[in-house]
S.K.: 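To start, I am sharing the structure in question, which I have written as structure tokens.
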There are 2 protein chains.
Amino acid sequence: MKGKIFIIEDEASIVQLVQHNLEKEGFVVSSSLNGNEGLKELKKFEPNLLLLDWMLPDLSGIDICKNIRRDSNFKSLPIIMLTAKGEEEDKVKGLESGVDDYVTKPFSFNELSARIKAVLRRSDPKVVANELIFDDLKLDRIEKRVFRSDKEIQLGPTEFRLLEFFLTNPKRVYSRDQILETVWPNNVNVESRTIDVHIRRLRQSINIEGKKELIRTVRASGYSLV
Amino acid sequence: MKGKIFIIEDEASIVQLVQHNLEKEGFVVSSSLNGNEGLKELKKFEPNLLLLDWMLPDLSGIDICKNIRRDSNFKSLPIIMLTAKGEEEDKVKGLESGVDDYVTKPFSFNELSARIKAVLRRSDPKVVANELIFDDLKLDRIEKRVFRSDKEIQLGPTEFRLLEFFLTNPKRVYSRDQILETVWPNNVNVESRTIDVHIRRLRQSINIEGKKELIRTVRASGYSLV
DNA sequence: TCTTAATGTTACAGAAATATTACAAATTAA
DNA sequence: TTAATTTGTAATATTTCTGTAACATTAAGA
């Protein structure tokens, strides 16, 4: 199970980039463009981690940080601070105020992603599990293996990614377009019907004699793992 | 028995990250945020290795280095320097002043950890494991020997490092890029297909009649030891 | 029931990834 | 120095995967 991440950051473009990519990795993401509202929403959202901009129009990141640390429900919420270059001197202060890590803008998404996972691994290991499990299906991202009822299954690269995708959000129905966008590399143009064929291949591979069908077709909507 | 490591570095977040992870690996770790105090504590602590920041608020890394080299008790203490990007030109100078290795910030913990072990392996083999074993495969890092089912196998230097790499994380699938980054010396540019050839050579060497294949090809992902 | 649109299934050719081989250049040992 | 070993790459062979088109089947509404 992947975790929930909340973002408080006033630069919409950053929020968009980060949110989109984190969702692609299977995180559930919510965000706010300013401090005060963000604080409220955050407490409703109950994330596993907070990405927090250092400089916000209304409150400073530090203030938010302190507020959060005072709230017993969020005392141990991991926080990663996003700072701009030149605010370096403030780093120590930031860390003293209870930040778990910081990333300096501009950053690459990969860098951020690595930091997020590192922090989560310390604070909440199960949300960055390398194994995705659903029913009697198990997918190991590190070893790149898939098992159904402990029996190993061989999948081609695309079928592997497809299954990985479904496993990050089981039960949810995805349209062909959503599947294409996430599972296929960017800028690749494939016929939407192609997905049907891959679904077929995946089904054929993961279906075991006597066991129930795991991929549901939702007519006019798409597919889901059930 | 794992050794003791001392860290002198003024960025608290780095210290925290590194210290935490090293302790997880079984090292005993102590640290200081500035040079003068660090020097004193270090000499009390008597580490097997020192991680030293290049730029410190009070003393420069070089000064500390020289101080240590003058002290007959610590003349041969292995030192790994942490430098920021842009200080590259200083590298050689750093190495001349008796540093054993350096790591450029930002670094991944894995990178640092590998360097630490490499340095310790040279200077103080007993504090770091020197035999890697997987299945009926055994690699001795000190004697640079490899055995399969107790039968010695001759490997070229590159194949040796390649196997050593796989043995540090068996089962895990590595991409060609990851392999290149870790197994080849820094800044060397080799074709990614070259790895295929070395994999082939390694396979040829370690495969024994009748025994199972040990290197798995994972299409679109890389290779792993299984 | 008939019609139509959506999905399932199959086969196949081209594409892409990996395996293998040979060789020249570079490095090391003798 | 010469000989032997090791390395990286390019060329070629082989394997596996992919996307599409064509046809089959199913579901839902008229």
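Per chain, numbering begins at 1; letters A, B, ... match sequence-line order. What you see is a predicted model; the values in this text were computed from it and never measured. Just so you know, these numbers use all the heavy atoms, side chains as well, and skip hydrogens, waters and symmetry mates.
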S.K.: OP1 or OP2 of dT18(D) less than 4.0 angstrom from a side-chain nitrogen or oxygen of Trp184(A), does that happen here?
M.R.: no
S.K.: In this structure, how many angstroms lie between the P atom of dT7(D) and the CG atom of Leu202(B), rounded?
M.R.: 12 Å
S.K.: Describe the nucleic acid contact of Val188(A) in one word from base, sugar-phosphate, nothing, applying a heavy-atom distance below 4.0 Å.
M.R.: nothing
S.K.: Mind checking what makes side-chain hydrogen bond (donor to acceptor under 3.5 Å, both in side chains) contact with Glu152(A), not counting sequence neighbours?
M.R.: Arg145(A)
S.K.: Report yes if some heavy atom in the side chain of Phe45(B) is under 4.5 Å from a heavy atom in the side chain of Val28(B); otherwise report no.
M.R.: yes
S.K.: Please list, chain by chain and in numerical order, all residues satisfying side-chain hydrogen bond (donor to acceptor under 3.5 Å, both in side chains) with Glu23(B), sequence neighbours excluded.
M.R.: Gln19(B)
S.K.: Looking at residues at least two apart in the chain, or sitting in another chain, which of them share a side-chain hydrogen bond (donor to acceptor under 3.5 Å, both in side chains) with Asp71(B)?
M.R.: Lys43(B)
S.K.: More than 12 non-hydrogen atoms from neighbouring residues, nucleotides or ligands closer than 6.0 Å to CG on Asn130(A), yes or no?
M.R.: yes
S.K.: Reading nucleotides 19-30 of chain C from the 5' end, what letters show protein touch, with B for base, S for backbone sugar-phosphate only, - for no heavy atom under 4.0 Å?
M.R.: SSBB--------
S.K.: State which residues pass side-chain hydrogen bond (donor to acceptor under 3.5 Å, both in side chains) with Asp140(A); sequence neighbours excluded, sorted by chain then number.
M.R.: none
S.K.: Output the rounded distance in Å from CD1 (Ile195(A)) to C1' (dG8(C)).
M.R.: 15 Å
S.K.: Surrounding CD of Glu131(B) (heavy atoms of other residues, nucleotides or ligands, distance under 6.0 Å), is the total greater than 12?
M.R.: yes
S.K.: Which whole-number value in Å describes the distance from Asn189(B) CG to dT9(D) C1'?
M.R.: 13 Å
S.K.: Using a cut-off of under 3.5 Å, enumerate the N/O to N/O pairs linking the protein to nucleotides 11-17 of chain D.
M.R.:
{"from": "dC17(D)", "atom 1": "O4'", "to": "Arg219(B)", "atom 2": "NH1", "distance (Å)": "3.2"}

S.K.: Please evaluate residues Phe166(B) and Phe134(B) with respect to the criterion ring-ring contact (aromatic ring centres under 6.0 Å, His included), reporting the C-alpha separation (whole Å), side-chain torsions for both, the decisive distance (0.1 Å), and the verdict.
M.R.: CA-CA 10 Å; Phe166(B) 279 121; Phe134(B) 178 77; over 10 Å; no
S.K.: Take the protein atom CG of Leu180(B) and the nucleotide atom C1' of dG8(D), then report the distance between them rounded to whole Å.
M.R.: 11 Å
S.K.: Could you check how far NE2 of His198(A) sits from C1' of dT20(D), rounded to whole Å?
M.R.: 10 Å
S.K.: Which whole-number value in Å describes the distance from Phe160(A) CZ to dT18(D) P?
M.R.: 13 Å
S.K.: For the CG atom of Asp100(B) and the CG atom of Leu52(B), what is their distance to the nearest 0.5 Å?
M.R.: 11.5 Å
